Amino acid sequence: MNVIPLGAFELSLASLLVLLLAWLSFRTRLEIEKPLLIAALRTTVQLSLIGVVLNTVFASVNFWLVMLVWVVMLTAAGYEVMARQKVRVKGPGRFFIGASSMLVSSFSIMVLILALVIKVEPWYSPRYAIPILGMLLGNTMNGIALAMNTFSSLAWNRRAMIEQRLALGQTAIAAVEDIWRESVRTGLIPIINSMAAAGLVSLPGMMTGQILAGNTATDAVRYQILIMFMISSGTGFGVILSLWLMRRRMFDGRSRLRMRDSFHVS
Amino acid sequence: MAKSNADASRIAMNGLIVDQLRFMHRGPYSFGIPSSSVFGLSGSSGSGKTLMLRAMSDLDPYTGRISLNGIDCQSLSGPEWRQKVAWLPAESLWWHETVGAHFWKRPSLEWFNELGFGEEVTQWEISRLSTGEKQRLAILRLLQHHPAALLLDEPTASLDKNNIAVVEKFILKYLSDCQGLAVWVSHDSGQLDRVAACHYAMQLDGSLRQLR
């Protein structure tokens, strides 16, 4: 069973819809036609390029080549997390706190699932390893970026209050416990919502893809459940790790708040 | 009572001893405050009184030595030290909905009564408190760990005349009950005459000058 191939002609038919929308925007002065067309062009070029790259990587099951793709993906995700922070850690930590949290959570969960649950041979088979890390990273990145941004912004805005809690003899952990809880929740709510809505409101993209490719719905569902579990646990562990690393930068060894020394507003 | 630039090691072990304290390009400060006494401190705003209190409660980095009743600050963790040497900021902030949620050890009803509150005050919402009520409750909040040294940053600035007298009496009674000591920052030299054994003024250049 194979998916019906799409040619350039079929794609250009679909692109007419985008062009129609751009024309409507132009005529009614919505002024969204330019960003829309640029984004449509970017998606075409970027995805075509990655298609070529993936074909090469899939053809040769080379560990180092797969590794290179992973590193590129992780670096891009790390930069994305950094770019979404309003209040950033000073120094290289502004990149590495997010990136290392994603490395530990997404990467180890991916290896665990590939080797022990799906049991692919070899475990780094690019046909599995690259899309799975992509899905994991895409979601943990969102959660970690949201949680880190909430945590550092709240701590920055409430720094006087945190100091008063310290002045009452509270530990660093106790002094930020409420913003810690709020940040973890903020990071996890999107994935919890999408798990709750899955199947009722939305058919997740991966499952849809498998069904389109001719797989039975039951098989597609099992994969989707697996992916949901991976994403939610990866996001949760990644969020907690990133906030833990961030909290270590907020306080010094004497449990003094060092917001102004270690953070800055970007 | 307090000796500026005195050799701190020769002062009795009891009390708060500050030796060659430097922070944020200020100092060195050396003085000792014996148990059961109050060190009065005044000075124009911006002279660094608050910074000194923050350094003494180990909320800002410092060099030099601070010890309380023979216990060096660095031999305790930051939070342990701050439970003994407690800083009362000029303006109190509150983070929970109700008054009671800020108290992990319920102070005795007697304390609440002495500052003019009934038992029901713990149920009150923070948003309904007046500035003066907040300040008096902040004092009770500070005393939960029974600190032996109080660093009071204008503790009565937001209070009316009656409550100033109530708070002065309350703090002095607390200090005498537990042989505690205090640094009392105030712009009112009349108040410092009433509560403090000595009175120092912090000059704009950061140095301490004894007035009394």
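None of the values given here were measured: they were computed from a predicted structure. So that the names make sense, note that chain A is the first sequence line, chain B the second, and so on, each numbered from 1.
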- Message: Could you check whether atom CZ of A/F237 has more than 12 heavy atoms from other residues, nucleotides or ligands sitting under 6.0 Å from it?
- Response: no
Between [X] and chain A, with a heavy-atom cut-off of 4.5 Å, which part of the residue counts as in contact: side chain, backbone, both or neither?
X      : result
B/R54  : side chain
B/S77  : backbone
B/P147 : neither
B/H102 : neither
B/L88  : neither
B/E91  : backbone

Closest contact, heavy atoms only, [X] versus [Y]:
X      : Y      : value
A/R258 : B/D60  : NH1-OD1, 3.8 Å
B/R82  : A/L166 : CD-O, 3.2 Å
A/T171 : B/P79  : CA-CG, 3.8 Å
A/M161 : B/W94  : CE-O, 3.4 Å
B/W104 : A/Q170 : CZ3-NE2, 3.8 Å

- Message: Please classify the contact between A/R165 and chain B as side chain, backbone, both or neither, with a heavy-atom cut-off of under 4.5 Å.
- Response: both
- Message: Quick check for you: to the nearest 0.5 Å, what is the distance between B/L93 atom CG and A/I162 atom CD1?
- Response: 11.0 Å
- Note on the structure: CZ (B/R141) and CD (A/Q164) are apart, to the nearest 0.5 Å, by 6.0 Å
